[in-house]
Amino acid sequence: MIIPLSKNEIGPMREACKVAAQVLDRTAKFVEAGMTTYDIDNFARKVMEELGAESTCYNYRYGKLVFPGYICISVNEEVIHGIGTMRRTIRPGDIVSLDVVVRHKGFVGDNTRTVLVEPVAEPVRKLCEVTEGALYAGIAAAKRGNRVGDISHAIEQFIKPHGYGIVREFTGHGVGRSMHEEPQVPNYGKPHKGEKLRPGMTLAIEPMINMGTHLIDIAEDGWTVLTRDRKPAAHAEHTILITEDEPEILTVL
Ligand code: MF3
Ligand code: CO
């Protein structure tokens with residue numbers, strides 16, 4: 001059972017998402033060749049502190065694992081859940097996905113952007129553009145009365161002509177008072193299936209798209225998701241609100 005946010009909850013949810021968007025935007029602009037992914041993580045940590053927000057990723061537990069970073073930083077063949085480290089230096093041509101999830105006054109905002117560190121090879125740029133396009137196709141399908149499967153299907157259809165791999169093991173999700181709520185929002189699926197979308201529902205829509213195979217591996221650290229063929233992957237994400245009319249993107253500046 002998915003309980004939409006009440007009118008009183010939407011205000012603070014909007015605020016939390018705005019903070020998440022600010023952290024992401026400032027961190028994205030900070031990224032440069034020559035720095036390590038640890039530097040990026042540390043920068044994001046400071047921006048969160050400045051804005052009075054808390055990282056939802058830091059100390060996030062999954063079984064016995066504890067996530068040690070403040071945001072997820074995933075470079076090239078890393079799809080999601082990469083951990084900032086002094087051992088990885090950003091180089092020209094890299095694509096760096098920054099997944100920022102913050103808690104602010106009891107609500108969670110979740111958003112991701114893949115940053116291009118120029119000069120980026122044309123096919124890689126295309127992958128990033130199409131991934132972002134798929135996100136917006138998914139958002140456009142997130143109208144009241146539609147179902148979760150309509151979002152999933154829209155994303156899948158958008159990706160299909162490009163032949164990219166759609167990651168299956170991880171999905172978008174409900175988000176609100178906690179980071180992961182019902183429903184799951186897969187990036188592929190059948191139209192008219194799944195939960196009905198109702199005003200007040202808040203969803204994180206997040207296509208994770210691989211240049212090659214959709215298959216993934218998990219790295220030694222237990223967190224980092226890698227493409228099995230080690231070709232690049234891109235990720236884009238917004239938190240949105242289902243309204244009476246068009247969906248509202250909450251993770252905007
Ligand atoms: N946006 C990611 C998600 O929805 C954030 C994961 S945070 C981590 O799963 F702690 F799990 F890394
Ligand atoms: Co998410």
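When reading the values below, keep in mind they use all heavy atoms of this one structure, side chains included, and skip hydrogens, waters and symmetry mates. Counting starts at 1 for both ligands and their atoms, following the listed order.
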Identify whether the distance between the nearest side-chain nitrogen and carboxylate oxygen of [X] and [Y] falls below 4.0 Å.
X	Y	result
E77	R228	no
E50	R45	no
E195	R147	no
E9	R177	yes
R125	E122	yes

* Please say whether E206 places an N or O atom under 3.5 Å from an N or O atom belonging to ligand 1. => yes
Where is the nearest protein heavy atom to [atom]: which residue, which atom, and how far?
atom	result
atom 7 (S) of ligand 1	C57 SG, 2.8 Å
atom 11 (F) of ligand 1	Y60 CD2, 3.4 Å
atom 3 (C) of ligand 1	H180 NE2, 3.2 Å

* Heavy atoms only: give me the nearest I40-I71 pair and the separation to one decimal. =>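 The pair with the smallest heavy-atom distance is CG2-CD1, 4.3 Å.
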* Asked: With respect to E248, which candidate in R14, K18, R144, K143 satisfies the salt bridge (charged side-chain N to carboxylate O under 4.0 Å, His left out) definition?
  -> R14
* Given that the side chain starts at C-beta and the backbone is N, CA, C, O, which of these parts of C72 lies under 4.0 Å from ligand 1, counting heavy atoms, or is it both or neither? ->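 The answer is the side chain of C72.
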* Asked: Name of the E206 N, O or S atom nearest the Co ion (ligand 2)?
  -> OE2
* Asked: When you measure from the Co ion (ligand 2) to each N, O or S atom of D110, which atom gives the shortest distance?
  -> OD2
* May I have the angle between E237 OE2 and H173 NE2 with its vertex at the Co ion (ligand 2), rounded to 10°? => 110°
Under 4.0 Å from any heavy atom of [X], which atoms of ligand 1 are there?
X	result
D110	1 (N), 4 (O)
V101	1 (N), 5 (C)
H81	6 (C), 9 (O), 12 (F)

* Gap separating the NE2 atom of H173 from the CD atom of Q184, nearest 0.5 angstrom ->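 Going from the NE2 atom of H173 to the CD atom of Q184 covers 10.0 Å.
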* Measure from atom 2 (C) of ligand 1 to every heavy atom in T112, V108, V100, D99 and give the option owning the shortest one. => D99
